[in-house]
Novice: 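Okay, handing you the structure first.
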Amino acid sequence: MNERVINISGVGCCLVDRLYGNISFAAESFSRYLSRQRGDGGLIPGHLVFREEFESFTGDRLDRVLRDITHGREPDAVNIGGPGIVPLIHASQLSGQDTCRYHFYGCGGRDSAGSFIRSSLKRTPVQQDKYSVTEGLTPLTIVLSDPSYNGGQGERIFINSIGTAWDYKPSNLDDDFFASRVVVFGGTALVPQIHDTLTDLLERAKRNGCLTIVNTVFDFRSEKSNPGGKWPLGKTDESYRLVDLLIMDREEALRLSGTDGLNEATGFFLGKGTGAVAVTNGSDNIRLFSTGKAFDGIDECEMPVSHAISKRIQNGYAVDTTGCGDNFAGGMIASVVSQLKDGIQKPDLREAVIMGIISGGFSCFYMGGTYFEKYRGEKLQLLYPYYEDYKKQLEA
């Protein structure tokens, strides 16, 4: 039986991205700021560092260092970003507005960055009645992007200011959050009090019958306190048993599991009772499995990236890789919600990964993680040819 209205609630990282494209990671003006050892506050391609730690590493203010790296340029774009909000925005753009309602729980300040987030959210289908305004600075990330890095596949570096997210508490999640059909915890490592209590929050969600999705982010706080060590997800590893779908990139999977390879990492998550897992790996295959608890069961396997999107990237159409992982997660969420809405009790994980793959790849063709539609349904219309092509790719 189809569900009339599905409520999806998400909590996690929401911030302003200030994006600088075409920054050469090989340039001398950049290389002097590269990390020398784990957790030292220096820059590492693909990783995130806190502003305070980066300033300590450089011995200088971020604005002065940024002028050196960018040669005094203004950002190429300013966009709403973060692995908490971007997946929800993307999923909401692919879902029927009358039957799927996406609610975001987070906070920002009364500053210009906070005003930008609130005005930007109005341009999306995401409900913002749960977004709190408080004193302090709105979370912000400097994004440095080198499209030529890694043989033209591109990579980014993030310098993050947590701001008001330090003070966002579990008590901000009301009964409505835990009454949702689907709850999403996105990039909670950048919302410390939510991240540290994730085990309890997941347990409450499961008690209420929610389908739980966790998509992760580079955890610099843990990396700083324990360089090279295993990252925590909540209070204990009991968190993993309470996650129906865990979405990560390869680096995050290795660090959360404390292992040295993907086979060992997926074995760890399987052993801890995680319902389903999807691991991205840049332009390489996606690793996935489902135990059959909340999704249709499938043995561990791999799925390729989209050949059509890869070809466009190789032909120079890529603009920026920022938000690829966030949109991958958003595509998976949209597919899961669509399947639940159609009455499928255990969604097909492969189908969700397909939508994730084309969503993440398509985000390379615009600047920043969030795409603002000119009309309702535009993004789904733009994605559909890639979806059809990918289905043919799998059949070939």
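Since the structure is predicted, the reported quantities are computational estimates derived from the model, not experimental observations. What you see below is based on every heavy atom in this structure, not just the backbone, and it leaves out hydrogens, waters and symmetry mates.
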Novice: Should K311 and D389 count as an ion pair when the cut-off is N to O under 4.0 Å?
Specialist: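 Here K311 does not pair with D389 in a salt bridge, since their nearest N and O are not under 4.0 Å apart.
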Novice: In chain order, what residues pass the side chain to side chain donor-acceptor pair (under 3.5 Å) check against N263, with sequence neighbours excluded?
Specialist: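 Expected list: R287.
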Novice: Do we see a donor-acceptor contact under 3.5 Å between the side chains of T199 and S239?
Specialist: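 There is such a pair between these side chains.
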Novice: Compare all side-chain heavy atoms of K346 with those of F295 and state whether any distance is below 4.5 angstrom.
Specialist: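 No, their side chains stay 4.5 Å or more apart.
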Novice: Would R241 and E203 pass as an ion pair if we require N to O under 4.0 Å?
Specialist: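 Judged by the 4.0 Å cut-off on N to carboxylate O distance, R241 and E203 do not form a salt bridge.
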Novice: Could you tell me whether R255 and E223 have a side-chain N and a carboxylate O separated by less than 4.0 Å?
Specialist: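 Answer for the salt bridge query: yes.
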Novice: Just checking, is any N or O donor in the side chain of S359 or H90 under 3.5 Å from an acceptor N or O on the other one?
Specialist: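 Per modelled atom types, S359 and H90 side chains form a pair under 3.5 Å.
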Novice: Does a side-chain N-to-carboxylate-O contact under 4.0 Å join R204 and D175?
Specialist: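 Salt bridge flag = yes for D175 with R204.
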Novice: Does I354 offer a backbone N or O that forms a donor-acceptor pair with the side chain of K391 under 3.5 Å?
Specialist: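 Flag not set: sc K391 to bb I354 has no pair under 3.5 Å.
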Novice: With a 3.5 Å cut-off and sequence neighbours excluded, list the donor-acceptor pairs that the side chains of residues 10-24 form with protein atoms.
Specialist:
{"unit_1": "S24", "atom_1": "OG", "unit_2": "A26", "atom_2": "N", "d": "3.3"}
{"unit_1": "S24", "atom_1": "OG", "unit_2": "A27", "atom_2": "N", "d": "3.4"}

Novice: Using atom types as modelled and distance alone, determine if a side-chain donor or acceptor of E55 lies under 3.5 Å from a backbone N or O of L62.
Specialist: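 It does hold such a pair.
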Novice: Could you check whether D249 and T280, counting side-chain N and O atoms only, form a donor-acceptor pair closer than 3.5 Å?
Specialist: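 No, D249 and T280 have no side-chain donor paired with an acceptor closer than 3.5 Å.
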Novice: Is D260 atom CG crowded by more than 12 heavy atoms from other residues, nucleotides or ligands, each under 6.0 Å away?
Specialist: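 Counting neighbours around CG of D260, 12 or fewer heavy atoms of other residues, nucleotides or ligands fall under 6.0 Å, so no.
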Novice: Just to verify, what does Q381 make a side chain to side chain donor-acceptor pair (under 3.5 Å) with, not counting sequence neighbours?
Specialist: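 Q381: side chain to side chain donor-acceptor pair (under 3.5 Å) contacts with Y375.
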Novice: So, the side chain of Y105 versus the backbone of F177: is there a donor-acceptor pair under 3.5 Å, distance only?
Specialist: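 Side chain of Y105 to backbone of F177, a donor-acceptor pair under 3.5 Å: yes, one is there.
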Novice: Do S120 and R123 meet the criterion of a side-chain donor-acceptor pair at a distance under 3.5 Å?
Specialist: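 No - no donor-acceptor pair under 3.5 Å links their side chains.
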Novice: In terms of relative ring orientation, are F25 and F30 parallel, tilted or perpendicular, with 30° and 60° separating the classes?
Specialist: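 Aromatic pair F25/F30 classed parallel.
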Novice: Say you draw a straight line from OG1 of T141 to CG of L48; how long is it, rounded to the nearest 0.5 Å?
Specialist: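 Nearest 0.5 Å value for the OG1-CG distance: 6.0 Å.
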Novice: Determine yes or no for a side-chain-to-main-chain donor-acceptor pair under 3.5 angstrom, with S35 supplying the side chain and L43 the backbone.
Specialist: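 Such a contact is absent between S35 side chain and L43 backbone.
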Novice: I'd like to know if the side chain of D40 reaches the main chain of Q37, judged simply by a donor and an acceptor atom lying under 3.5 Å from each other, with no hydrogens or angles considered.
Specialist: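 Confirmed, D40 side chain pairs with Q37 backbone.
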Novice: Do T266 and E300 get their side chains close enough for a donor-acceptor pair, meaning under 3.5 Å?
Specialist: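 Their side chains do contain a donor-acceptor pair, which is all the 3.5 Å distance test asks for.
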Novice: Between D348 and R350, does at least one N-O distance fall below 4.0 Å, as a salt bridge requires?
Specialist: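 Looking at R350 together with D348, the answer is no, because their closest N to O distance does not fall below 4.0 Å.
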Novice: Quick check against the 3.5 Å criterion: does N172 have a side-chain atom that pairs as donor or acceptor with the backbone of K169?
Specialist: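 Yes, the answer is positive, given that a donor and an acceptor are paired below the 3.5 Å cut-off.
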Novice: Treating E373 as the side-chain partner and E378 as the backbone partner, does any N or O pair qualify as donor plus acceptor under 3.5 Å?
Specialist: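 Yes.
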Novice: Regarding Y33 and D68, do their side chains bring together a donor and an acceptor under 3.5 Å, going by distance alone?
Specialist: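 Result is yes, a qualifying pair exists.
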Novice: Is there a donor-acceptor pair under 3.5 Å between the side chain of Q128 and the backbone N or O of R118?
Specialist: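 Such a contact is found between Q128 side chain and R118 backbone.
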Novice: Less than 3.5 Å apart, any donor N or O on the side chain of S56 or E52 sitting next to an acceptor on the other?
Specialist: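 Judged by distance alone, the side chains do not pair up.
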Novice: Side chains of S290 and D296, heavy atoms from C-beta outward: is any pair under 4.5 Å?
Specialist: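 The answer is no; the side chains never approach within 4.5 Å.
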Novice: Examine the side chains of D146 and S148 and answer whether a donor and an acceptor come within less than 3.5 Å of each other.
Specialist: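 Yes, side-chain donor-acceptor contact under 3.5 Å.
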Novice: Between D244 and K206 (salt bridge meaning N to carboxylate O under 4.0 Å), is one present in this structure?
Specialist: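 Answer for the salt bridge query: yes.
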Novice: Parallel, tilted or perpendicular, judged at 30° and 60°: which one describes the rings of F54 and F57?
Specialist: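 Rings of F54 and F57: parallel, as their planes differ by under 30°.
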Novice: List the steps and the verdict of ring pair (Phe, Tyr, Trp, His ring centres under 6.0 Å) for W231 and F220.
Specialist: CA-CA 9 Å; W231 294 346; F220 184 79; 9.8 Å; no
